Amino acid sequence: MSKTAAIPPLSADPSRWKALVFIALAQLMVVLDATIVNIALPSAQTDLGISDGNRQWVITAYALAFGGLLLFGGRIADKWGRKNAFVVGLIGFALASALGGAANGEAMMLGARALQGAFGALLAPAALSLLAVMFTDATERAKAFGIYGAIAGGGGAVGLILGGFLTEYLNWRWTFFVNIPFAIIAAVGAWLVIREPAGSRNRAPLDIPGVILSTLGLVALVYGFTRAESAGWSDGVTVTMFVASVALLAAFVFVESRVKSPLLPLRVLLERNRGGVYLSLGLAIIAMFGLFLFLTYYLQVVKGFSPVKTGFAFLPMIAGMIVGSTQIGARLMTRVAPRLLMGPGFLVAAAGMLMLTQMEVGSSYPALIMPAQLLLGLGMGTAFMPAMSLSTHGVNPADAGVASAMVNTSQQVGGAIGTALLNTIAASATTAYLRDHAAEAAAGGPAGRLVQAQAMVEGYASAIWWAVGILVAAAAVAVTLINTGRPNMGGPAAAGEGADAELKVPVIAH
């Protein structure tokens, strides 16, 4: 009997819906942390005496560890077991959050943020790959990924609300401490209810050269974009980071094509449907980060909203994402091909973004900002759900963790690119506007302040135009590259470890 035939087929786990609750809770915690700290950063900087030059490292330390270690974390989950990786990731994230909340200086804070990123890199791919191997029915899988997609898309906006509340009414330290109950509940629940399917681990030896090259290459890439935001694109260190990143990642691809047990099997990356998901999702996240960034500044600086009010102002987008994921994406995913959800979804989001290019200093929130957010949320929610599901569809269970890590990697790199690229575009447009209106700006008083505000809004609108184009490009990538039909059964294939499952068990109708 062949090795493939010896492995029992994946059957539905009776505890899968209970497990989804704890997986979703953990995902919410990780996504919240991406934005909740932004709100608390000014207060934390003052209390801990962090210099203006170093404050970006509170964000960057997390991003570098998270983005750099994702592929490693995904493979550890495949090798060690996703349940084990999930629980250890949660416990580690809770301990790192406790350190951050108790920080008494800059070094302790930055160390805690790096630890959060490292354990997040273990936790995030384990969570997504658990869904991939536990939900094997197409209809149930669609519902599960609809919930997961809504959380992945809308959790950042929830973080703005929660961060505003905790910072304004308690203390910035609670933006860290709030993770601890989330993590404990999710870890205990996961340990009790998750039953990982047999035969889904990857027993191959760890690819150490691949780990080193991928980690260093991704760290260099993320840091290059992060530094470009503050130091400029022509800065020597920025250029060096980009060159090093290209060289390291090229070496990584070469090594992966030669070693017997690669960290990232190229079959995971090069299959056109999964490749289309990774690329289109990364592009969409570039645009999304632009929206969060500019809309937050617009509401707080230009419109004078408080942190809490700003957080609540993002509720329409959250509502749109929930409806798009659970009511549109999940209901249609088993009826139509994924590209017919992802392409139109990104275009609807682009239409919402297009409305925001008309933003002015005196724009009405109910008439412009709210409907634009609803469209953006609906489009992103509809597109995210099939994207999350398709990212692990047809993957050998032994590769589910690293395939899930690629989703998170595309999002993390997309976020770094979005922040740097769109911020640079906005800053250039603002500077150009002020140069053209130098006399009015120098006048001071209400007229001068109005010109300053108009310059900021001009910068935001210019960057958002780019975000519109990027979302249209994401739609084009999804429609062009993703050619699979609607799923006829769910879950990664129950193929032999280390094999490309799509060659053995067809889980998607082509």
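Sequence positions, counted from 1, serve as the residue numbers for this chain. Please read all numbers here as calculations on a predicted model, not as lab measurements.
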- Could you tell me whether the side chain of Met288 reaches within less than 4.5 Å of the side chain of Leu376, counting heavy atoms only? yes
- Identify, with sequence neighbours excluded, every residue that meets side-chain contact (heavy atoms from CB on, under 4.5 Å) alongside Val323. Gln327, Leu378
- Residue pair Pro262 / Arg75, side-chain heavy-atom distance below 4.5 Å: no
- Query: Tell me, do Leu450 and Gln454 make a side-chain contact under 4.5 Å, heavy atoms counted?
  - Reply: yes
- Set of ring pair (Phe, Tyr, Trp, His ring centres under 6.0 Å) partners for Phe66, sequence neighbours left out: Tyr62
- Item | Non-hydrogen atoms of Phe182 and Val178 that approach each other most closely | CD1-O, 3.0 Å
- Message: Taking side-chain contact (heavy atoms from CB on, under 4.5 Å) as the definition, give me every residue that meets it alongside Ala26, ordered by chain and number, with sequence neighbours left out.
- Response: Phe86, Leu90, Leu123, Ala186
- Tightest non-hydrogen contact, residues Ala118 and Ala65, listed as N-CB, 3.7 Å
- Task: Give the minimum heavy-atom separation between Met342 and Ala478, together with the two atoms involved.
- Result: CB-CB, 3.9 Å
- Message: Going by the rule side-chain hydrogen bond (donor to acceptor under 3.5 Å, both in side chains), which residues pair with Glu106 if we only count those two or more places apart in sequence or in a different chain?
- Response: Asn54
- Drop me the distance from Ile328's CD1 to Thr382's OG1, to the nearest 0.5 angstrom. 4.0 Å
- Message: With no hydrogens and no angle check, just 3.5 Å: does a side-chain donor-acceptor pair link Arg113 and Gln116?
- Response: yes
- So, does Asn483 use its side chain to make a donor-acceptor pair with the main chain of Asn273 at under 3.5 Å? no
- Check whether any side-chain N or O of Arg173 sits under 3.5 Å from a backbone N or O of Gly101 as a donor-acceptor pair, and report yes or no. yes
- Task: Output all residues satisfying ring pair (Phe, Tyr, Trp, His ring centres under 6.0 Å) with Phe225, sequence neighbours left out; order by chain, then residue number.
- Result: Trp233, Phe242
- Non-hydrogen side-chain atoms of Phe72 and Leu122 separated by less than 4.5 Å: no
- Message: Counting neighbours of NZ on Lys309 that are heavy atoms of other residues, nucleotides or ligands and sit closer than 6.0 Å, is the number greater than 12?
- Response: no
- Message: Tell me every residue that passes side-chain hydrogen bond (donor to acceptor under 3.5 Å, both in side chains) with Asn179, counting only those two or more places apart in sequence or in another chain.
- Response: Asp33, Ser97
- Message: For a 4.5 angstrom cut-off between non-hydrogen side-chain atoms, does Leu115 reach Leu99?
- Response: yes
- Item | Derivation and outcome, side chain to side chain contact (heavy atoms under 4.5 Å, CB included), residues Met380 and Phe346 | CA-CA 6 Å; Met380 284 296 199; Phe346 288 137; 4.2 Å; yes
- Item | Partners meeting side-chain hydrogen bond (donor to acceptor under 3.5 Å, both in side chains) with Asp235 (sequence neighbours left out) | Arg227, Thr238
- Task: Examine distances only and state if a side-chain atom of Thr357 and a backbone atom of Ala461 form a donor-acceptor pair shorter than 3.5 Å.
- Result: no
- Query: Which residues pass the ring pair (Phe, Tyr, Trp, His ring centres under 6.0 Å) test with Tyr433, sequence neighbours left out?
  - Reply: His437
- Intermediate values then yes/no, side chain to side chain contact (heavy atoms under 4.5 Å, CB included), Ile50 and Val58: CA-CA 9 Å; Ile50 301 174; Val58 176; 4.0 Å; yes
- Task: Flag the pair Leu218 / Leu70 as yes when at least one side-chain heavy-atom distance between them is below 4.5 Å, and no otherwise.
- Result: no
Quick one: side chains of residues 462-475, donor-acceptor pairs under 3.5 Å with protein atoms, not counting sequence neighbours, listed by atom name and distance.
from   : atom 1 : to     : atom 2 : distance (Å)
Ser462 : OG     : Glu458 : O      : 2.9

- Side-chain donor/acceptor of Thr430 to backbone N/O of Ala455, under 3.5 Å: yes
- Just by modelled atom types, is the Arg267 backbone N or O under 3.5 Å from a matching donor or acceptor in the Arg274 side chain? yes
- Message: Phe254: which residues meet the ring pair (Phe, Tyr, Trp, His ring centres under 6.0 Å) condition with it, sequence neighbours left out?
- Response: none
- Any side-chain heavy-atom pair of Leu356 and Tyr460 under 4.5 Å: no
- Item | side chain to side chain contact (heavy atoms under 4.5 Å, CB included) between Asn171 and Phe177, intermediate numbers included | CA-CA 10 Å; Asn171 184 286; Phe177 292 145; over 6 Å; no
- Message: Side chains of Trp172 and Leu48, heavy atoms from C-beta outward: is any pair under 4.5 Å?
- Response: yes
- Which atoms form the tightest heavy-atom contact between Ala103 and Met108, and what is the distance? CA-SD, 3.6 Å
- Taking every non-hydrogen atom, the tightest pair across Val479 and Gly343: CG2-CA, 3.8 Å
- Which heavy atom in Ala96 sits nearest to a heavy atom in Ala112, and how many Å separate them? O-CB, 3.6 Å
- Query: Out of curiosity, Leu481 CG to Ser280 OG, how far, rounded to the nearest 0.5 Å?
  - Reply: 8.0 Å
Would you tabulate the side-chain donor-acceptor contacts of residues 208-216 under 3.5 Å, counting partners in other chains and residues two or more places apart, or write 'none'?
from   : atom 1 : to     : atom 2 : distance (Å)
Ser214 : OG     : Gly210 : O      : 2.9
Ser214 : OG     : Val211 : O      : 3.2
Thr215 : OG1    : Gly68  : O      : 3.4
Thr215 : OG1    : Val211 : O      : 2.7

What pairs of donor and acceptor atoms, side-chain ones from residues 359-373 against any protein atom, are under 3.5 angstrom apart with sequence neighbours left out?
from   : atom 1 : to     : atom 2 : distance (Å)
Ser363 : OG     : Glu360 : N      : 2.6
Ser363 : OG     : Glu360 : O      : 3.1
Ser364 : OG     : Ala367 : N      : 3.2
Tyr365 : OH     : Ala313 : O      : 2.6
Gln373 : NE2    : Ala313 : O      : 2.7

